[in-house]
Protein chains: 2
Amino acid sequence: MNSEAKPKKPHHHGDLRRALITSSMTLLAKGGSAALTLRRAAAAAGVSHAAPTHHFGNLDGLRSAVATEGFLLFCDAMERHVQAAEPAPRARLRGLCMGYLEFALSHPSLLDLMFREERSFDKDAALLAASTEAYQALARTAAPFVSAAHPARVTEAQIWSFIHGYAVLRTSRRFGQQAEDPSGDAAAILSLLDRLELAPSSQKPDAPL
Amino acid sequence: MNSEAKPKKPHHHGDLRRALITSSMTLLAKGGSAALTLRRAAAAAGVSHAAPTHHFGNLDGLRSAVATEGFLLFCDAMERHVQAAEPAPRARLRGLCMGYLEFALSHPSLLDLMFREERSFDKDAALLAASTEAYQALARTAAPFVSAAHPARVTEAQIWSFIHGYAVLRTSRRFGQQAEDPSGDAAAILSLLDRLELAPSSQKPDAPL
DNA sequence: CACGTAACTTGACAATGTCAAGTTCAGATG
DNA sequence: CATCTGAACTTGACATTGTCAAGTTACGTG
């Protein structure tokens with residue numbers, strides 16, 4: 001067949017579910033959301049056109065599975081950047097945003113799939129879990145900016161809205177020129193978050209964002 | 001030729017282009033982006049399945065025309081709210097954001113169509129014009145917050161990113177509970193924009209956002 | 001009034017999602 | 001070890017859709 005590294009082959013293919021998700025992400029990356037079809041994913045995995053039904057039910061099930069995989073990568077990108085940043089809250093927040101942006105620029109169609117209006121988290125527990133984990137990464141990094149005057153939900157929504165909007169508009173090329181380098185304009189734009197106040201409890205020496 | 005805005009009936013239907021855009025917007029509102037198909041729009045307008053081709057070329061042409069119409073409504077919603085607001089810069093900015101949000105909540109699928117990644121403004125002059133006008137509305141309202149330290153492009157991108165992200169995430173129901181009333185949480189979230197500084201030249205008495 | 005052509009119709013085809021029915025095979029059961 | 005059961009896939013079919021080619025209708029103009 002093709003790419004099996006598992007010790008045991010469950011049935012026919014090996015790990016078709018995994019293979020379909022992988023081929024789907026390739027299709028998505030190469031041809032945008034319109035290129036992700038059940039039949040093409042099946043063909044790329046070397047199985048018949050109806051094989052994906054058994055694993056995902058229908059097209060939206062496949063899309064949800066791909067979105068779940070996307071949230072894992074997304075979460076990883078954010079956490080990597082946060083870890084690599086200086087320990088100061090603002091530096092960590094900037095890192096989170098840069099991770100967000102890096103993911104968006106690297107996987108624009110995947111980001112779109114993950115945040116489409118019709119994507120329903122109620123139907124897919126794994127999707128809900130993965131997206132919740134991503135939200136937690138943001139919430140953790142936002143925590144030092146939470147205070148009585150600025151509740152967690154509000155602060156989180158502010159940060160999320162801002163970086164999400166910027167990421168989406170950039171991937172849609174809605175801003176004029178934009179070098180492929182996220183550190184260019186991004187730093188200036190993201191300076192809006194400099195204006196978030198640190199909570200009194202976490203008042204330590206902290207460089208501006 | 002193509003576009004007819006004449007008072008007389010040009011040929012067969014009357015104003016098929018207009019009728020197709022109208023039926024498309026109804027389909028979009030009722031069934032989401034998947035419900036907008038060439039054949040259904042044609043059927044709703046009472047013409048044969050291939051009639052839209054003559055006016056829009058292909059499906060993406062129809063989508064662009066609908067998006068153009070969307071930008072006009074969008075622009076109108078923002079400008080109405082800005083006009084209705086107090087004249088102070090922060091009140092006008094809050095109005096703009098509320099108009100943005102109102103449009104997003106009223107026409108979620110249309111907003112999605114307008115800002116999809118694959119939407120290309122280079123191919124459709126009317127679309128480019130309508131979207132530019134919407135951007136100008138934002139830029140005008142953002143102008144009092146522009147200074148040497150905060151250039152126009154940066155300030156505009158900050159405001160746009162923030163309100164766009166909030167609007168998109170709300171229409172995708174990404175925040176927990178949300179009453180259908182935009183004035184509920186919105187005011188607290190949008191208070192981030194309170195932190196924008198007024199330019200020295202427009203320093204007048206101004207209530208907080 | 002004739003005629004050119006824009007506006008629309010009819011018919012066809014390939015791609016796709018989905019369903020129903022059949023086939024193959026891993027592992028449990030006796 | 002033989003059998004059986006059901007999961008994993010295949011095959012075939014059908015409706016929907018976008019798109020193209022060719023034909024038809026009727027507006028407006030010369």
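Because the structure is predicted, anything quoted here is derived from the model rather than measured. Below, read A as the first sequence line, B as the second, and so on, with proteins coming before strands; counting in each chain starts at 1.
- With the end axes of the helix from dC1(C)-dG30(D) to dG30(C)-dC1(D) each set by five pairs, the angle from one to the other reads 10° at 10° resolution.
- Rounded to an integer number of Å, the gap from His49(B) NE2 to dA7(C) P is 18 Å.
- Per the geometry, CG belonging to Leu16(A) stands 12 Å off C1' belonging to dT10(D), to the nearest Å.
- A distance-only check finds no donor-acceptor pair linking the side chain of Thr141(A) to the backbone of Leu96(A) [under 3.5 Å].
- Using cut-offs of 30° and 60° on the angle between ring planes, the pair Tyr135(B) and Trp160(B) is perpendicular.
- Of the residues Phe162(A), Tyr166(A), Phe74(A), the one that meets the ring-ring contact (aromatic ring centres under 6.0 Å, His included) test with Tyr100(A) is Phe74(A).
- Of the possible donor and acceptor atoms, one in the side chain of Gln158(B) sits under 3.5 Å from a partner among the backbone N and O of Ile189(A).
- Only Ala50(A), Ala51(A), His54(A), His55(A), listed by number, bring a heavy atom of residues 50-57 of chain A to less than 4.0 angstrom from any atom of DNA chain D.
- What you find for Leu20(B) and Ala41(B) is that their closest heavy atoms are CD2-O, 3.6 Å.
- Checking dG12(D), dT16(C), dG18(D) against the side-chain heavy atoms of Leu59(B) singles out dG18(D) as nearest.
- Across dT11(D), dT19(D), dG17(C), the shortest atom-to-atom separation from the side chain of Arg39(A) is found for dG17(C).
- Per the geometry, CG belonging to Asn58(B) stands 17 Å off P belonging to dT17(D), to the nearest Å.
- If you look at Phe71(B) and Phe115(B), their ring centroids are closer than 6.0 Å.
- The side chain of Thr37(B) has dG18(D) as its nearest neighbour among dG18(D), dC9(D), dC8(C).
- Summarising the geometry, the separation between CZ on Arg18(A) and P on dA8(D) is reported as 16 Å, rounded to the nearest angstrom.
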